[in-house]
Peer 1: 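Right, I'll just put the structure down here and ask away after.
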Amino acid sequence: MPELPEVETIRRGLHSRIIGKTISGAHNYDSPKSFPNATADITQFLQGATVTDVSRRAKVLLIELSTGYTLVTHLKMTGQIIFIAPITSRHSTDSNPVILSVSEESSSTLEDPSVKPQDDTRNVRWGGGHPSDSFMRELPDNTTREHIDFTDGSRLYFNDLRKFGWMKLYPTSEVPNIDFMKKVGPEPLLDDFTGEVLWERLQRRKNTSIKAAILDQTVLAGVGNIYADESLWGARIHPATLVKNVPKASILQLAEEIKAVMNLSIEKGGSTDKNYVNAEGKKGSYLSFARVFRREGEPCPRCGTTIVKTRVAGRGTHLCPTCQTKQ
DNA sequence: CACTTGACCTGTCCGC
DNA sequence: TGCGGACAGGTCAAGT
């Protein structure tokens, strides 16, 4: 599922590919959450618009257009953005479709069963498929929700198996007034996000579990289930510990852990971006670097205790019962 | 206001 | 083999 580092990777991939391109048309497939106020033909809202910027806030992708509108996209769990270069340049180095995000579930449908590993507590799903499977796939497929055509013949697909995601068009001036944008917390990777900031923002969530608190996008932006588990392991905090019982020193360390896992992940995403043949392949996927996430049954890399999976804040939660003790 | 739970979706996996 | 149910998780609405 796309989390902050993946959305950032997508942003970078799009930034270098679609800025300056002009939209010639668009199509809305079966996507009731997208363009709710538009007519069936969304082309009239997009045609002639040139992409002027691609940015990101939390897990939200923002494609700014010359017409004073911004395409706002949330991929939620299974969203993908797939860029396909113009047919005329298919023989160039940028010849293949670029999958900028491969969701966990839908990528599994692309897997070649013959290469599925036997040792499977980690569930190969995440990027387990060979990239060529994706490239060979016909688009649009049954997960395609939107596509946008550019005048140079390139096309952007928005695929989303579970239909949780959406793509909406807002006046650019209204974007800061979107509820989510108003409420979302600080970006963890900006310099002004510090342990002190995290500590302060956690003060209004003192009676909930630390995991629920950092998953709360109004506390800070971009932490999903994976980074929650990974960073809490890094800071040696049991995910179910109530915020008020977590020592301040641990909160300060937690902030550093969040930055670290996200930076590592973006780094890997960045390398993915370079040889974009491998969008979420085995190599470069941050899950290969995960210390606890989806590693139940494996030894803790710090102390060797078997990692367990439990449920905290309604989410599957992975932890080391020795390193992370509840307070 | 703080906090928790269910809903939104669909495909996969597991147990019967 | 088929079938039902649990599960995956980001966010919001509705509940306590």
Peer 1: Determine which bases of DNA chain C form Watson-Crick or G-U wobble pairs with both distances under 3.5 Å, and write the result as a 5' to 3' dot-bracket string with | for other-strand partners.
Peer 2: .|||||||.|||||||
Peer 1: So what does A:Arg311 hit on the nucleic acid, given a heavy-atom distance under 4.0 Å: a base, only sugar-phosphate, or nothing?
Peer 2: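 Counting heavy atoms under 4.0 Å across all strands, the contact made by A:Arg311 is with sugar-phosphate only.
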Peer 1: Can you tell me the distance, in whole Å, between the CG atom of A:Leu75 and the P atom of B:dC9?
Peer 2: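 These atoms are roughly 17 Å apart.
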Peer 1: Using the P atom as the point on both nucleotides, what is the distance between B:dC9 and C:dC3, in whole Å?
Peer 2: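 About 25 Å, rounded to a whole number of Å.
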Peer 1: Output side-chain donor-acceptor pairs under 3.5 Å for residues 45-52 of chain A, partner residues at least two apart or in another chain, one line each.
Peer 2:
from    : atom 1 : to      : atom 2 : distance (Å)
A:Gln47 : NE2    : A:Ser24 : O      : 2.9
A:Thr50 : OG1    : A:Thr22 : OG1    : 2.9
A:Thr52 : OG1    : A:Glu64 : O      : 3.2

Peer 1: Distance check needed: B:dT10 P versus A:Tyr29 OH, whole Å only.
Peer 2: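 Whole-Å distance recorded here is 18 Å.
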Peer 1: Applying side-chain hydrogen bond (donor to acceptor under 3.5 Å, both in side chains), can you list everything that pairs with A:His74, at least two apart in sequence or on another chain?
Peer 2: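 Expected list: none.
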Peer 1: Which residues end up grouped with A:Phe180 if you chain together Ile, Leu, Val, Met, Phe, Trp and Tyr wherever their side-chain heavy atoms are less than 4.5 Å apart?
Peer 2: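 So far as hydrophobic clustering goes, A:Phe180 is joined with A:Val60, A:Leu62, A:Val72, A:Trp166, A:Tyr170, A:Val175, A:Ile178, A:Met181, A:Val184.
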Peer 1: Not counting sequence neighbours, which residues clear side-chain hydrogen bond (donor to acceptor under 3.5 Å, both in side chains) with A:Thr208? List them please.
Peer 2: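 So A:Thr208 forms no side-chain hydrogen bond (donor to acceptor under 3.5 Å, both in side chains) with any residue.
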Peer 1: Could you tell me the separation between the OG atom of A:Ser250 and the CH2 atom of A:Trp199, rounded to the nearest 0.5 Å?
Peer 2: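 Going from OG on A:Ser250 over to CH2 on A:Trp199, the span is 10.0 Å.
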Peer 1: Just how far, in rounded Å, is C1' of C:dC7 from CD of A:Glu296?
Peer 2: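 It works out to 12 Å between those atoms.
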Peer 1: Under 3.5 Å, side-chain donor or acceptor atoms of residues 232-248 of chain A against the rest of the protein: list the pairs with distances, not counting sequence neighbours.
Peer 2:
from     : atom 1 : to       : atom 2 : distance (Å)
A:His238 : ND1    : A:Ala240 : N      : 3.0
A:Thr241 : OG1    : A:His238 : O      : 2.7
A:Lys244 : NZ     : A:Asn207 : OD1    : 2.9
A:Lys248 : NZ     : A:Glu196 : OE1    : 3.2

Peer 1: Only counting residues at least two apart or in another chain, list the ones meeting side-chain hydrogen bond (donor to acceptor under 3.5 Å, both in side chains) with A:Gln324.
Peer 2: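 Counting only residues at least two positions away or on another chain, A:Gln324 forms no side-chain hydrogen bond (donor to acceptor under 3.5 Å, both in side chains).
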Peer 1: Can you give one letter per nucleotide of nucleotides 2-8 of chain B, 5' to 3': B if a protein heavy atom sits under 4.0 Å from the base, S if only from the sugar-phosphate, - if neither?
Peer 2: SSS---B
Peer 1: Got A:Ile258 and A:Val223 here, is their nearest side-chain heavy-atom distance under 4.5 Å?
Peer 2: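 In short, these two side chains touch, coming nearer than 4.5 Å.
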Peer 1: Output all residues satisfying ring pair (Phe, Tyr, Trp, His ring centres under 6.0 Å) with A:Tyr69, sequence neighbours left out; order by chain, then residue number.
Peer 2: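 Not a single residue meets the ring pair (Phe, Tyr, Trp, His ring centres under 6.0 Å) criterion with A:Tyr69.
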Peer 1: Quick test: give all pairs of protein nitrogen or oxygen and nucleotides 11-15 of chain C nitrogen or oxygen below 3.5 Å, distance rounded to 0.1 Å.
Peer 2:
from   : atom 1 : to       : atom 2 : distance (Å)
C:dT11 : OP1    : A:His74  : NE2    : 2.6
C:dT11 : OP2    : A:Lys59  : NZ     : 3.2
C:dT11 : OP2    : A:Gln217 : OE1    : 3.4
C:dT11 : OP2    : A:Gln217 : NE2    : 3.4

Peer 1: Among all residues two or more places apart in sequence or in another chain, which pass the side-chain hydrogen bond (donor to acceptor under 3.5 Å, both in side chains) test with A:Lys309?
Peer 2: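 Checked A:Lys309 against side-chain hydrogen bond (donor to acceptor under 3.5 Å, both in side chains); zero matches.
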Peer 1: How does the hydrophobic cluster around A:Val308 look, that is, which other residues are in it when side-chain heavy atoms under 4.5 Å mark a link?
Peer 2: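 A:Val308 clusters with A:Leu319.
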Peer 1: Nearest-Å distance, CD1 (A:Ile226) to P (C:dA8)?
Peer 2: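 Computing the A:Ile226:CD1 to C:dA8:P distance gives 12 Å.
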